[in-house]
Trainee: 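The structure under discussion is supplied below as structure tokens; questions concerning it will follow.
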Amino acid sequence: MSPKYCRVPGYGLIIFGLLVAGWLGTPPKVARASSNLDDSTFAAQGDSTHVVSSTANGTGFGDTTWTAPDPPGSEDPSQPGPRVAEPDHDPGWETALRTPFRAVFFPMRLLARGMELGFKQFGDQLLEPKPPSPGVKVGLAIYAGSTNDVALGPDIKARDVLFPNSRFHLFAGWSITDHRRVRLTETIADRRPLGFRLAGNYDLKPNHRFYGIGNDTPENQLSYFRLEDTFAEAALLVGSKPLRQIRFVADYSGMNAKSGWHGTPLLEDVLLPEQAPGYAGSTFDLGFGVTGDLGLVNNDVSPSLGVHAKTELRRFRGVRDSDPDYDQWLVEGRGYVPVFAHRRVIAVKTVWAGVKPTDSSPEMPFYRLARNEGALAFEGYHAFRYYDNQLAIARAEYRWQLWDRQDWTLSAVALYELNEVAPFASAFTWDKRHHAYGGGLRLSLTDRSAVRLDLAKSTEGLHLILSMGNVF
Amino acid sequence: MRRTILSFALCSIALWAGTSMGDIPDRGLTRSTWIDHTTWIDHDEQPIAEPPEWQSNYYTGIFRQSIVDPLSHAFDIPDKLLLIPRTLGAKTEHEAVNVNAFDEVPNSSWFTNRNHLKAIPPSELAKGPTDVVLPKKPWTIRHPKEGGQTAGFQIKDADGKKWLIKLDPAGYPQLVSGADMVSRTLFWAAGYNVPNNQPVRFKREDLKIDPELLKGNKDGEQMRESDLTAMLERGARFPDGSYSALASLFISGEAMGAPSMQKRRPGDTNDWYRHDYRRELRGMYVLASWLNSWDAKDQNFLDVFVPTTGDSLGHVDHYVLDVGASLGAAGLGEREPWHGYENTIDWGWMARRLVTLGFAVEPWRHAKGGPSIPAVGNFESAAYHPEQFKTLQEQPAFRAMKDRDAYWGAKIVASFSRDQVAAAIDAAGYDDPRAKAYLLKVLMERREKVLRYYFREVAPLDFFEVKDGKLAFHDLAKDVGITGAREYVVHIDSEGTGPDVDRELRIKSPEIPLDTVAPNATRLELHMSIAGSKAKPVKVELSRSAGSAWTVTWIRHA
């Protein structure tokens with residue numbers, strides 16, 4: 001290798017080394033650790049809380065009679081007179097040294113300045129949020145499903161408008177990949193012993209992922225299809241706290257899967273019809289059921305001790321004879337144990353979810369099977385990677401607090417997860433499990449929600465998952 | 001690789017040479033004034049037109065000081081490059097600008113030399129900047145208080161004076177008002193401009209709401225009786241039912257808003273020096289550390305335009321406005337345990353916690369707040385390390401502080417005697433006798449830690465004067481009693497009519513016989529240090545003309 005090839009990495013190494021040395025070697029003066037106070041230069045005299053002041057002259061510094069030699073007079077600074085020094089400016093050599101770096105970092109300085117201005121505008125809402133007031137608020141919201149699935153749309157919130165003690169939220173978005181969604185919730189008597197909630201969701205995504213059904217579907221069997229999903233639910237809420245609540249629900253679900261766009265290859269080009277039952281068709285189901293949470297934890301948003309059980313049981317019956325009849329369930333258990341202090345926690349989560357068609361049901365369309373997405377995401381894998389009748393997740397995490405201010409807590413997370421899908425319960429086997437490990441950051445917020453950013457590695461590479469709301 | 005290293009070495013030498021040679025020559029002053037480095041008065045109150053109203057934004061400041069500045073400093077490549085010439089002895093750091101030849105801060109619109117040059121009698125100290133003035137009742141509420149965590153309101157008293165009333169948090173009578181009075185008194189005695197604050201008590205019947213405010217004034221503010229009742233419920237009460245609060249008299253003049261702790265005020269042509277280059281702001285770190293003034297930020301200062309001439313010209317005065325978040329107090333009650341130990345976003349501690357998987361133990365976890373005295377809050381000295389003190393946001397001036405600025409601040413702290421500290425505590429008028437005794441004990445213990453640390457970093461040899469042919473000085477550590485008699489090492493360089501002298505003396509008393517050590521010299525340069533100590537030395541220059549006495553011409557600590 002000629003010396004020319006060595007020059008570039010050499011400079012880079014030196015500059016990197018200087019950066020590291022500078023960062024390590026120049027802590028702010030205020031952060032220096034103190035050294036031992038028992039310095040032989042100083043000898044404590046008597047009671048350390050009573051300071052003796054005396055000098056050979058009798059009047060010493062620190063005495064109540066102290067006067068410095070030649071103390072200044074009481075001349076008025078508003079009268080004409082000298083200044084003590086010239087106006088300050090950076091020396092020329094420093095300007096010359098810094099100018100190239102200022103030029104190179106100018107875009108970042110511009111970005112920082114923009115963010116400062118944004119914080120000036122919205123800082124009070126972020127740091128000192130006022131209690132929500134009655135009335136309607138209309139704004140814009142951004143929704144990001146993935147890096148190329150960013151939607152902008154109107155966001156309407158209303159409190160106490162149609163009913164007393166009610167909350168209404170409507171969001172509609174259309175993303176750059178033609179993903180359209182409308183979400184609506186109206187909650188009445190929220191946080192009261194008895195409440196009611198109405199929720200609706202319309203979602204049309206033209207590039208839904210599908211790899212096939214089963215635990216062993218190959219990664220290179222990726223295909224895309226269009227899924228249109230309409231869902232509505234009415235729920236009677238019993239219990240004022242979401243973590244100790246039962247909900248009696250009635251649902252409507254309409255779904256159809258057809259040929260998509262904004263993604264290739266298409267499903268019909270990769271898979272046979274029997275590998276994607278229900279494709280190019282629609283199904284409509286009505287359901288009813290009960291869901292509930294029972295949480296006995298020391299903190300609803302950032303628990304460090306306790307257990308939390310979550311159950312969802314629903315029974316769906318087809319509107320038409322060609323629509324499937326099935327039961328759907330989700331059972332989740334979470335446990336938290338502190339490690340010598342509540343700022344360090346071991347958290348575990350186990351999930352078992354699935355669908356079971358009745359004996360007389362038509363074939364279940366693939367899009368109604370259990371799949372890894374949302375609350376059932378598999379760490380280290382793409383969303384919608386695995387479909388089957390049943391799904392299981394077991395995760396263990398070690399969380400430790402990095403920052404805790406004003407009811408916000410930022411924790412680092414190290415995690416390990418096992419996950420699997422199977423056609424029935426006895427088909428789950430240890431040998432076929434998928435596993436992933438990684439870490440992330442978890443920020444819990446004052447409104448009883450949290451944001452997580454996880455980076456996990458599996459056999460299919462590194463994947464980033466951003467999740468918000470009622471996250472683990 | 002060899003060429004890389006050689007090129008880099010040549011660059012370093014060039015940098016060092018450039019920094020050692022000093023500045024590019026000044027192009028000349030454009031202002032009609034002159035410079036005198038020996039002045040004790042920095043004449044920055046020349047009459048000017050009123051600058052436009054401007055203040056640094058609170059939220060922008062939080063974002064910049066918590067996120068932008070730390071990242072900028074971490075990736076400041078020129079700073080890292082300058083490490084090399086610095087280790088070779090080149091002067092590349094920005095020293096404080098407004099320092100005179102005697103290493104002191106001249107009087108100005110920011111600061112007036114007080115206690116450390118002439119001790120203020122305890123009875124005068126307790127009064128503060130003016131005679132005690134209390135708001136005369138009844139009080140008429142004109143506006144609700146804006147900003148901050150404490151509840152309060154603006155009033156006009158029966159004499160027509162405008163005051164800001166800040167309630168102590170419920171359950172903690174005299175907590176914030178007491179802390180503010182103690183700290184404000186000591187800040188004033190140190191030399192800073194402070195408002196006239198007084199602890200007050202009032203009853204509900206002493207208040208009436210201005211009719212304009214009741215129905216909604218032209219600023220869009222409204223306060224009904226129910227609003228006032230709700231506000232008073234957040235306030236602390238004494239056993240007799242009266243409310244505990246701090247009354248702050250409005251400063252005369254036109255409020256301009258909070259200054260920046262870094263940049264000059266736009267439009268103020270008297271404001272010559274970047275604020276983070278001002279010694280009184282840098283050295284304030286030590287005073288804030290002593291008093292645990294953990295919320296020092298731009299918005300706790302105030303610039304006021306004071307008209308001084310008949311044609312509306314005037315100058316800007318700079319005040320330390322709000323020091324209630326100090327000692328053991330916070331706006332809503334006791335201070336959080338981490339206040340004073342960590343920034344709001346403390347990247348260093350976050351990194352430590354990250355790499356140690358959460359097992360790093362913060363010093364404040366061992367700090368025991370002391371006996372539960374509501375008027376004192378969470379305040380202690382056992383876990384206190386003066387140099388580890390941190391405000392909520394890292395202040396640019398505190399970050400820019402150098403060793404000699406810190407020494408200057410420590411000197412001011414050292415100037416307070418036990419009686420003076422007791423007088424400042426008395427000014428708060430604590431009902432609970434435990435409060436006064438505990439605060440005095442803790443403040444004196446913290447003071448001693450401050451002095452022991454900073455007087456070990458820089459040799460505390462000061463107040464030089466020539467008497468009877470001898471250079472006398474004070475060893476401040478010895479004066480305040482944290483050390484006994486000790487030896488001093490003096491390295492002497494001289495110039496004069498006779499042979500130049502270059503020698504070292506060891507002396508046991510704070511006097512140097514000048515005529516003996518350099519009888520023919522006309523100029524002396526002394527480097528003075530403490531024998532056996534690594535404290536940075538003091539440099540003193542003296543000169544004399546033929547037949548006259550020596551004069552101290554220049555002093556530099558560190």
Side-chain angles (χ1 to χ4, degrees), chain A residues 6-7 10-11 14 18-19 22-23 28-32 34 37 39 41-43 45 48-49 51-53 55 60-69 71-72 75 77-78 81-88 91-93 97-98 101 112 116 119-120 123-124 343-344 400-403 405 412, chain B residues 1 4 8 18 23-24 33-36 39-43 45 57 59-60 63-64 68 74 77-78 80 83 97-98 100 106 108 117-119 272-274 277 308 348 350 353-354 357-358 385 387 399 401 414 417 419 441 444-445 448 452 456 463 465 474 476 479-484 533:
Chain A
C6 290
R7 216 176 272 159
Y11 276 129
I14 288 169
L18 273 174
L19 278 171
W23 182 67
K29 183 170 286 299
V30 302
R32 254 193 311 173
S34 80
L37 284 174
D39 188 335
T41 307
F42 295 106
Q45 291 194 345
S48 66
T49 63
V51 172
V52 175
S53 306
T55 65
F61 183 76
D63 271 341
T64 47
T65 55
W66 159 257
T67 301
E75 191 183 332
S78 66
R83 299 298 301 261
V84 69
E86 293 87 357
D88 64 87
W93 62 264
L97 175 67
R98 292 189 181 276
F101 295 96
E116 282 177 25
F119 216 73
K120 180 178 178 180
D124 58 339
R343 60 189 187 274
R344 296 182 292 261
W400 65 104
Q401 272 184 22
L402 301 181
W403 178 80
R405 300 283 187 263
Chain B
M1 193 62 179
T4 305
F8 199 82
D23 303 346
I24 291 172
T33 187
W34 67 100
I35 307 299
D36 179 3
T39 185
W40 279 92
I41 312 291
D42 187 23
H43 290 80
E45 294 184 8
N57 180 268
Y59 300 105
T60 307
F63 185 78
R64 182 183 313 121
V68 176
I77 297 174
K80 312 295 182 275
L83 276 178
V97 175
N98 65 324
N100 66 12
S108 68
L117 293 188
K118 189 175 187 339
W272 279 21
Y273 316 122
R274 260 176 67 155
Y277 290 178
T308 48
M350 285 168 65
R353 291 176 192 124
L354 182 67
L357 302 181
H385 296 283
E387 77 291 358
R399 187 189 161 83
M401 184 183 73
S417 67
D419 291 340
K441 171 180 174 298
M444 293 309 292
E445 287 171 354
E448 181 162 343
R452 285 184 180 279
R456 196 180 42 219
F463 302 111
E465 64 169 332
H474 285 258
L476 302 191
D479 278 8
V480 299
I482 59 173
T483 186
S533 166

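So you know, we letter chains A, B, ... as the sequences are listed, proteins then strands, and number each from 1. All values derive from a computational prediction rather than experimental measurement.
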Trainee: Measure across A119(B) and D63(A) and return the closest heavy-atom pair with its distance rounded to 0.1 Å.
Mentor: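 It is CB-O, 3.4 Å.
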Trainee: Looking at Y59(B) and F119(A), what are the two nearest heavy atoms and their distance?
Mentor: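 Answer, listing the atom of Y59(B) first, then F119(A): O-CD2, 3.2 Å.
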Trainee: Are any side-chain N or O atoms of D88(A) and backbone N or O atoms of R274(B), one a donor and one an acceptor, separated by less than 3.5 Å?
Mentor: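 Yes, because the side chain of D88(A) sits within donor-acceptor range (under 3.5 Å) of the backbone of R274(B).
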Trainee: Write down the atom of S417(B), the atom of G62(A), and the distance for their closest heavy-atom approach.
Mentor: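 Scanning both residues completely, I find the closest heavy atoms to be CB-O, 3.1 Å.
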Trainee: Is there a donor-acceptor pair under 3.5 Å between the side chain of W400(A) and the backbone N or O of R353(B)?
Mentor: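 Pair found, side chain donor or acceptor close to backbone of R353(B).
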Trainee: Considering residues at least two apart in sequence or located in another chain, which fulfil the side-chain contact (heavy atoms from CB on, under 4.5 Å) criterion with P69(A)?
Mentor: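 So P69(A) forms a side-chain contact (heavy atoms from CB on, under 4.5 Å) with W66(A), F463(B), E465(B).
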Trainee: Counting only heavy atoms closer than 4.5 Å, note whether N57(B) contacts chain A via side chain, backbone, both or neither.
Mentor: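 For N57(B), the side chain is the part near chain A, not the backbone.
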Trainee: Which region of Y273(B), side chain (C-beta onward) or backbone (N, CA, C, O), has a non-hydrogen atom less than 4.5 Å from a non-hydrogen atom of chain A, or is it both or neither?
Mentor: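 Both parts, heavy atoms under 4.5 Å.
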Trainee: What part of F101(A) gets closer than 4.5 Å to chain B, counting heavy atoms only: side chain, backbone, both or neither?
Mentor: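 For F101(A), the contact with chain B is made by the side chain alone.
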Trainee: Tell me the closest heavy-atom pair linking D42(B) and R83(A), and the distance in Å.
Mentor: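 Shortest heavy-atom contact: OD1-NE, 2.6 Å.
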Trainee: Need one label for R98(A): side chain, backbone, both or neither, based on atoms under 4.5 Å from any heavy atom in chain B.
Mentor: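 Both backbone and side chain.
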Trainee: Looking at every non-hydrogen atom in both residues, tell me the closest pair between V84(A) and N98(B) and how far apart they are.
Mentor: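 Heavy atoms only, the tightest pair is CG1-CA, 3.7 Å.
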Trainee: Given that the side chain runs from C-beta out, which part of V97(B) has a heavy atom under 4.5 Å from chain A: side chain, backbone, both or neither?
Mentor: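 Both parts, backbone and side chain.
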Trainee: State, to 0.1 Å, how close L402(A) and M350(B) come at their nearest heavy-atom pair, and which atoms those are.
Mentor: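 For L402(A) versus M350(B), the nearest heavy atoms are O-CG, 3.3 Å.
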Trainee: Given that the side chain runs from C-beta out, which part of A112(A) has a heavy atom under 4.5 Å from chain B: side chain, backbone, both or neither?
Mentor: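 Both parts, backbone and side chain.
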Trainee: Which bit of Q401(A) is near chain B, if near means a heavy-atom gap under 4.5 Å: side chain, backbone, both or neither?
Mentor: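 When you check distances to chain B, only backbone atoms of Q401(A) fall under 4.5 Å.
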Trainee: With sequence neighbours excluded, tell me which residues meet side chain to side chain donor-acceptor pair (under 3.5 Å) with D36(B).
Mentor: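 Side chain to side chain donor-acceptor pair (under 3.5 Å) check on D36(B) returns T38(B).
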